[in-house]
Amino acid sequence: MIQSAMATELKSMVDIKQMVLMDSLFGPREVQLISEAIATDINQYRLLREAVGELEQKEELSPAGMVRLGTCQYLLGRYRRAVESLQKGDGGALAHYYLAKSWVALQEYDRALDSYAAAQKAGYDPDWCALGRAEALRLMGKPTEALHILDRLSGAIEETAEYLYQRAATIAALGVNPAEAIALYERAVEVDPNHPGALFGLALENDRQGNDEEAIDLYKRSASRFPPHLGALLNLGILYEDYGQYELAVQCYQRILDAYPDHQRAWLFLRDAQASCSMFLDEDLQKKRDRLSQVLNIPVTDFELSQRSRNCLQKMGIRTLGDLCRTTEQQLLASKNFGETSLQEIREILASKGLSLGMFASEKRLPEPFEPEELSPDQQALLNRPVTDLNLSVRARKCMMRKGISTIGELIRYSGDQLLECKNFGVTSLNEVREKLRQFGLKLRGE
């Protein structure tokens, strides 16, 4: 009923430029009308952008005019400018409230908490200020304190999409009941089908489960709101890249950089996506490379070998056909007890796959970091843990899926170069994997 009434009001509302530029009433209702309008009609978005441009050009704005300007800048995702304008405002409830939301967007959570307190003192709805404080505390890494605030709220606020979303996100941050978090996200979307946070929460769950089409739809719906959801844009761009839709990925990263000009990950992803847009892909050559990569990763234990050859290869850390191709005949013969008979045996195995010893000798062969049987029970248990325990980003998780890596032990058998061969896996993702492994005292192969 609320959504229907809003839609009816949108159809009959005044022009956005008039709403922004005229010295008329401007409060939470007007902000909501503008937000809904620009999310459903790109022409209204352009009108808001033009109106904000006109306000910014005015030499003198009243304190109330600065609040109007700052709030609209927030809706456009221009958070730094919003802060500057709102701080010059009239010090009223609306100014403090949107100043708080801008500080949250800029990850200045202590300042956000102060501004929410000031907004409530100035007369802004205390329940909505409480929801804002809960969000800031959760993002500060204090989900328990955030949940205490939410538990104290009661009445109509509990039925709002924002409350349901904040509770879902807080429970998800606590990691105590994933099913409850998902159910709350779904309830939030039932109340408001366009709630950006709840849509992002559901999209993320589908993304983690490999439901790409559903995830893309939910990310798109979340990213269509204003101000745009940062996580939705970032993950949507990554999924677009996975499907080869590089121009759409570029648009996502550019929208992030419009609001966060110093966002390093967005800059890196943007450059990768732009390079991919102009890259000519020889599909036949790529298929040949993929087939060769599969052959080189075949374990030597898959072949009939004499015990002497098997022992020598194990001592030298040679596990795959690729390892053999990076090893010369002289290196094998230098190994104790490895003679011409064993050498001929290896030659025949490689020849059966169209390979030869030393053909990739220019590539450094990297040894296995350690053998599981040499580890303590606790260390072996660590290596048997699922790779999902590393909490990798979407792009890194996609690489694990493509490589068939399911445990941490399987991951550390790969070198950095081998991971970089995976589609859409770049240096940023590689450094992320290294950092996650470092937290467990582990490294990739050869590092």
Side-chain angles (χ1 to χ4, degrees), residues 1-3 5-6 9 25-39 64 67-68 70-75 77 79 82-83 86-87 89-140 142-143 145-171 173 184-185 187-201 222 225-227 229:
M1 184 178 298
I2 294 174
Q3 294 298 319
M6 180 66 72
E9 190 168 13
L25 179 66
F26 191 84
R29 172 185 166 278
E30 285 70 31
V31 176
Q32 181 67 14
L33 282 172
I34 294 173
S35 179
E36 291 292 334
I38 62 178
V67 174
R68 190 184 302 254
T71 304
C72 291
Q73 287 170 329
Y74 167 81
L75 292 176
Y79 304 119
V83 166
L86 292 166
Q87 287 179 327
D90 57 14
L94 190 72
H96 285 300
Y97 184 76
Y98 280 96
L99 182 58
K101 292 181 78 67
S102 298
W103 284 131
V104 169
L106 294 169
Q107 300 181 4
E108 298 277 359
Y109 304 123
D110 287 325
R111 290 182 173 182
L113 291 171
D114 291 340
S115 293
Y116 278 126
Q120 183 171 338
K121 185 176 181 180
Y124 206 90
D125 189 307
D127 287 343
W128 286 90
C129 290
L131 289 180
R133 290 197 303 274
E135 179 181 41
L137 287 168
R138 169 172 57 80
L139 295 172
M140 290 173 72
K142 300 178 179 180
E145 293 182 33
L147 190 60
H148 287 329
I149 291 178
L150 296 173
D151 285 341
R152 290 196 293 268
L153 294 174
S154 61
I157 193 69
E158 292 181 285
E159 302 302 319
T160 64
E162 181 66 12
Y163 174 87
L164 294 168
Y165 159 65
Q166 292 297 344
R167 192 169 192 89
T170 303
I171 290 172
L184 286 166
Y185 284 136
R187 283 183 58 197
V189 173
E190 288 176 6
V191 175
D192 179 1
N194 297 312
H195 192 283
L199 289 169
F200 173 73
S222 176
R225 312 307 292 172
F226 290 90
H229 193 288

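This is a predicted model, so every value here is computed, not measured. Heads up: numbering here begins at 1 and tracks the sequence.
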Tell me which one of Y79, W103, Y97 satisfies ring pair (Phe, Tyr, Trp, His ring centres under 6.0 Å) with Y74.
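Checked Y79, W103, Y97 against Y74; only one passes ring pair (Phe, Tyr, Trp, His ring centres under 6.0 Å): Y79.
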
Straight-line distance of [X] [atom1] to [Y] [atom2], nearest 0.5 Å:
X: Y116; Y: Y124; atom1: OH; atom2: OH; value: 9.0 Å
X: E135; Y: E162; atom1: CD; atom2: CD; value: 6.5 Å
X: W128; Y: Q120; atom1: CH2; atom2: CD; value: 14.0 Å
X: S35; Y: R225; atom1: OG; atom2: CZ; value: 6.0 Å
X: L86; Y: Y98; atom1: CG; atom2: OH; value: 10.5 Å
X: M140; Y: D110; atom1: CE; atom2: CG; value: 4.0 Å

So, for [X] and [Y], which heavy atoms are closest and what is the spacing to 0.1 Å?
X: A64; Y: D90; answer: CA-OD2, 4.1 Å
X: A93; Y: G123; answer: CB-C, 4.1 Å
X: V104; Y: A136; answer: CG2-CB, 4.4 Å
X: S222; Y: P196; answer: OG-O, 2.8 Å
X: C72; Y: I34; answer: SG-CD1, 4.5 Å
X: A146; Y: A134; answer: CB-O, 3.2 Å

Can you confirm whether [X] sits close enough to [Y] that some side-chain heavy atom of one is under 4.5 Å from a side-chain heavy atom of the other?
X: F26; Y: T71; value: yes
X: Q87; Y: V83; value: yes
X: E190; Y: H195; value: no
X: R187; Y: L184; value: yes
X: T170; Y: L137; value: no

Okay, side chain of [X], backbone of [Y]: is any donor-acceptor separation there less than 3.5 Å?
X: E158; Y: G155; result: yes
X: T160; Y: I157; result: yes
X: E30; Y: G27; result: yes

For Y165 and V191, run side chain to side chain contact (heavy atoms under 4.5 Å, CB included): C-alpha distance rounded to whole Å, both residues' side-chain angles, the deciding distance at 0.1 Å, then the answer.
CA-CA 10 Å; Y165 159 65; V191 175; over 6 Å; no

Please determine whether side chain to side chain contact (heavy atoms under 4.5 Å, CB included) holds for the pair L94 and R68, giving the CA-CA distance in whole Å, both sets of side-chain angles, and the decisive distance to 0.1 Å.
CA-CA 9 Å; L94 190 72; R68 190 184 302 254; over 6 Å; no

Of R138, R133, R167, which meets side-chain contact (heavy atoms from CB on, under 4.5 Å) against L150?
R167

